[in-house]
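Structure first, then comments.
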Amino acid sequence: MHIPSVIPEGWEADDIIGTLSKQAEKEGYKVFMVTPDKDFGQLVSENIFMYRPARMGNGIEIRGIPEVQKRFGVERPDQVIDYLGMMGDASDNIPGFPGVGDKTAKKFIEQFGSLEGLLENTDQLKGKMKEKIIENAELGRLSKKLATICTDCDVTFNAEDYELSVPDSEAVQKIFEELEFRRLKEQFIKIFSGEEETTETQVTSTETAQKIAASAGSGQFSLFGGDGASPATIKNTSSRNTIADVPHAYQSVAPGMAMKLFLQNLMKQSSVCFDTETTSINPLEAELVGIAFSWESTKGFYIPFPEEREKAKELIEELRPFFESKDIEKIGQNLKYDIKVLDKYNIKVQGKFFDTMLAHYLINPDMRHNMDVLSETYLNYTPISITELIGKKGKNQLSMREVPPDKQTEYAVEDADITFQLAQHFRPELAEAKTDDLFADIEIPLLKVLADMELEGINLDIEFLKSLSKDLENDIANLEQKIYQAAGEEFNIGSPKQLGEILFDKMKLVDKPKKTKTGQYSTAEDVLSYLAKTMK
């Protein structure tokens, strides 16, 4: 990735970042420290900022001097050291003064300016707080020392080391494949090939963030430059085979003589993999688009189904002898889905089953079990992506029926072929793990039972449920009226703020009510449960 690694012996990462940031600032650079750690607030200046990447739907957060002043109640960023020395920081094992929290630390900073100023003016303190500060003076000094980020480590800032350059694409993608970092590989390719969607990354509405964002482009900000340019030299590379690399014979079966010959050959087999292509992932709603078959590696057949229901039923009747044969083993990936789809066409799949998804669950329960992952892991083969075939989710996504017949054939038969190959791979592994009896005697019979249960469904007494719903609504309305009567006014019971004000300001149920970090009365479950027991 060509990211510089700076590891001087005996120094912490905070100190290294602090030193490099200050050196870069002296050379005229605007510096962004990518961290959410509050300790770094002490390093913020006119040209040094804290940068927190966008996450969980929130925008980029950039903290400059105004944000540090507001967050810590300080006049200067270097006073963050005094703030942390007073309050402490459990995440960094900084003890601080006992009994001093966020509010008290801010108050002391405002009143005395520094930790040393506080210790020099303990005569202005009163009661227990005065005793604690005097008794723990050395602990406070130690805490300030621990909170201080060193800015003179034995490292040297070299601007060329931090220039964005094109990564070694093949090496990176090879590592991502070995470690099964599929999503990271996709993101890597999008970012460095220029294919990444141009959706603006929103910044938080802080003064510094908006100021910097404005210089980079309206409503967006990039650490790698405001022009959004990416070196379009990275290409998707893979050591795995694909359909383009492996010779194969995937055929679509036409009606008439071709179908007749196919059926004759199909009925001669002892073990066949099949895979249904449908219009929905919900088997109870899905309609058949086609069925693929394979009983030999890299070979297979595809039978497309007409959209008209009656014609589809006529075609499936020709395949009934195969599906209901007890002498032919049926192989599939998630066979329960296919069984439920076919049941809608009055086809009861019979015979011995081999489900590669269930087999792999017994072989390696901690891994994912979808076919693409299994194919890449065990066959070193990347199948055709469904996204390539029908597009991404959204209004422009195609249904399988809209996919051209030749592409349907390649995709569907490839699935059946891969599943057939996986079955041959998993059989000896089941035996080696001594789970073949568990697979045959428990998992496969249970698959059939579950399919039958899901097809049968359950009966609901809809009228009773409607009546129950109405009764519950009446009960809730009655309880609300009782609450309003007890409170002496109507209010939003679902609002923690309003509820807290009624319980603790107006009704005064507790002398010293518990509060949240925001200063609001706590109406958490444990608080309300305690009140319910004590106020009866």
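As the structure is a computational prediction, the values presented were derived from the model and not from experiment.
- Using a 4.5 Å heavy-atom cutoff, the side chains of M259 and I303 are in contact.
- Contact of the Q421 side chain with the S297 side chain is registered, since non-hydrogen atoms from C-beta on lie closer than 4.5 Å.
- For the pair R427 and F354, the distance from NZ or CZ to the six-membered ring centre is under 6.0 Å and the angle to the ring normal is within 45 degrees.
- Of the N and O atoms on the side chains of E429 and H425, at least one donor lies less than 3.5 Å from an acceptor on the other residue.
- Side-chain atoms of K340 do not come within 3.5 Å of backbone N or O of L284 as any donor-acceptor pair.
- To the nearest 0.5 Å, atom CD1 of residue I339 and atom NZ of residue K344 are 15.5 Å apart.
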Dump the intermediate steps for side-chain contact (heavy atoms from CB on, under 4.5 Å) on E285 and S280, then the final yes or no.
CA-CA 7 Å; E285 297 176 356; S280 173; 4.0 Å; yes
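- Across all non-hydrogen atoms, the minimal contact from A292 to A412 is CB-O, 3.4 Å.
- Of the charged side-chain nitrogens involved, none lies within less than 4.0 Å of a carboxylate oxygen, so that D245 and R240 do not count as a salt-bridged pair.
- Between T419 and F274 there is no side-chain heavy-atom pair separated by less than 4.5 Å.
- Within the 4.5 Å cutoff, side-chain heavy atoms of S467 are placed close to those of D471.
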Please walk me through it: do S169 and Q173 pass side-chain hydrogen bond (donor to acceptor under 3.5 Å, both in side chains)?
CA-CA 6 Å; S169 173; Q173 292 186 61; 2.7 Å; yes
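- Aromatic ring pairs are classed by plane angle as parallel below 30°, tilted from 30° to 60° and perpendicular above 60°; the pair H360 and F426 is tilted.
- With hydrogens and angles disregarded, a donor-acceptor distance shorter than 3.5 Å links the side chain of T534 to the backbone of Y530.
- In this structure, E324 contributes its side chain and V349 its backbone to no donor-acceptor pair below 3.5 Å.
- Checked against the 6.0 Å centroid criterion, the rings of F301 and W295 qualify as a close aromatic pair.
- Enclosure of atom CG in L472 by more than 12 non-hydrogen atoms of other residues, nucleotides or ligands within 6.0 angstrom is indicated.
- More than 12 non-hydrogen atoms from other residues, nucleotides or ligands lie less than 6.0 angstrom from CG of L179.
- Judged purely by atom type and a 3.5 angstrom limit, Q408 uses its side chain to pair as donor or acceptor with the backbone of V403.
- Smallest separation of non-hydrogen atoms from V341 and A286: CG2-CB, 4.3 Å.
- Rounding to the nearest 0.5 Å gives a distance of 13.5 Å between CZ of R320 and OG of S325.
- Judged purely by distance below 3.5 Å, without hydrogens or angles, the side chains of R309 and Y345 pair a donor atom with an acceptor atom.
- Other residues, nucleotides and ligands place more than 12 heavy atoms under 6.0 Å from the CD atom of E489.
- Checked by atom type, the side-chain pair Y250/E414 shows no donor-acceptor distance below 3.5 Å.
- In this structure, the side chain of N241 does not engage the main chain of V246 through any donor-acceptor pair within 3.5 Å.
- In this structure, the side chain of S469 does not engage the main chain of L465 through any donor-acceptor pair within 3.5 Å.
- For an aromatic pair to be called close, the ring centres must be under 6.0 Å apart, and F293 with F322 satisfies this.
- Between the side chains of D89 and S91, a donor-acceptor pair is found at a separation under 3.5 Å.
- Ion pairing between a basic and an acidic side chain is recognised when a charged N comes within 4.0 Å of a carboxylate O; R71 and E67 show no such pairing.
- For the pair I316/I291, a side-chain contact is recorded, criterion being any heavy-atom separation below 4.5 Å from C-beta on.
- A salt bridge does not link K470 with E473: every distance from a Lys NZ or Arg NE/NH1/NH2 to an Asp or Glu carboxylate oxygen is 4.0 Å or more.
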When you look at E410 and K407, which way does the salt bridge (charged side-chain N to carboxylate O under 4.0 Å, His left out) test go after all the steps?
CA-CA 5 Å; E410 291 276 274; K407 290 188 176 181; over 6 Å; no
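- Cation-pi geometry between R63 and Y51 is not met at under 6.0 angstrom from the ring centre and within 45 degrees of the axis.
- Side chain of Q424 to backbone of F420: a donor-acceptor contact under 3.5 angstrom is found.
- Geometric assessment of K330 against the ring of F353 yields a negative cation-pi assignment under the 6.0 Å and 45° thresholds.
- Taking 4.0 Å as the cut-off between side-chain N and carboxylate O, E287 and R401 count as a salt-bridged pair.
- Between the side chain of D461 and the main chain of F464, a donor-acceptor pair closer than 3.5 Å is present.
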Please evaluate residues Q251 and Y302 with respect to the criterion side-chain hydrogen bond (donor to acceptor under 3.5 Å, both in side chains), reporting the C-alpha separation (whole Å), side-chain torsions for both, the decisive distance (0.1 Å), and the verdict.
CA-CA 6 Å; Q251 303 175 49; Y302 181 66; over 6 Å; no
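- The aromatic rings of H369 and Y361 sit perpendicular to each other, their planes meeting at more than 60°, with 30° as the lower class boundary.
- Closest non-hydrogen pair, A416 versus C273, comes out as O-SG, 3.2 Å.
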Audit row: I386, Y411, side-chain contact (heavy atoms from CB on, under 4.5 Å) steps and yes/no
CA-CA 8 Å; I386 186 65; Y411 175 81; 3.5 Å; yes
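- The minimum heavy-atom distance linking T356 with L374 is given by the pair O-CD1, 4.4 Å.
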Evaluate side-chain hydrogen bond (donor to acceptor under 3.5 Å, both in side chains) for D37 paired with T35, printing each intermediate quantity in order.
CA-CA 5 Å; D37 192 337; T35 174; 5.0 Å; no
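- E456 CD: 12 or fewer foreign heavy atoms inside a 6.0 Å radius.
- Nearest heavy atoms, L447 versus K336: O-CD, 4.1 Å.
- Note: N370 CG to M357 CE = 10.0 Å, rounded to the nearest 0.5 Å.
- Electrostatic pairing of D417 and K299 does not count as a salt bridge here, judged by no charged N lying under 4.0 Å from a carboxylate O.
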Show your working on side-chain contact (heavy atoms from CB on, under 4.5 Å) between I243 and Y381 and close with a plain yes or no.
CA-CA 8 Å; I243 195 167; Y381 183 96; 3.4 Å; yes
Set out, in order, the CA-CA distance, both residues' side-chain angles and the distance that settles side-chain hydrogen bond (donor to acceptor under 3.5 Å, both in side chains) for Y337 and T278, then state yes or no.
CA-CA 11 Å; Y337 173 87; T278 66; 2.5 Å; yes
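- Between the side chain of E443 and the backbone N or O of L438, no donor-acceptor pair lies under 3.5 Å.
- Relative orientation of the F188 and F176 rings is perpendicular, given thresholds of 30° and 60° on the angle between their planes.
- Using a cutoff of 4.0 Å between basic side-chain nitrogens and carboxylate oxygens, E501 and K497 are scored as salt-bridged.
- When all heavy atoms are compared, the tightest approach of T523 to P496 is OG1-CB, 3.4 Å.
- Between the side chain of D275 and the backbone N or O of D415, no donor-acceptor pair lies under 3.5 Å.
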Check the pair T387 / L389 against side-chain contact (heavy atoms from CB on, under 4.5 Å), numbers first and verdict last.
CA-CA 5 Å; T387 305; L389 204 67; over 6 Å; no
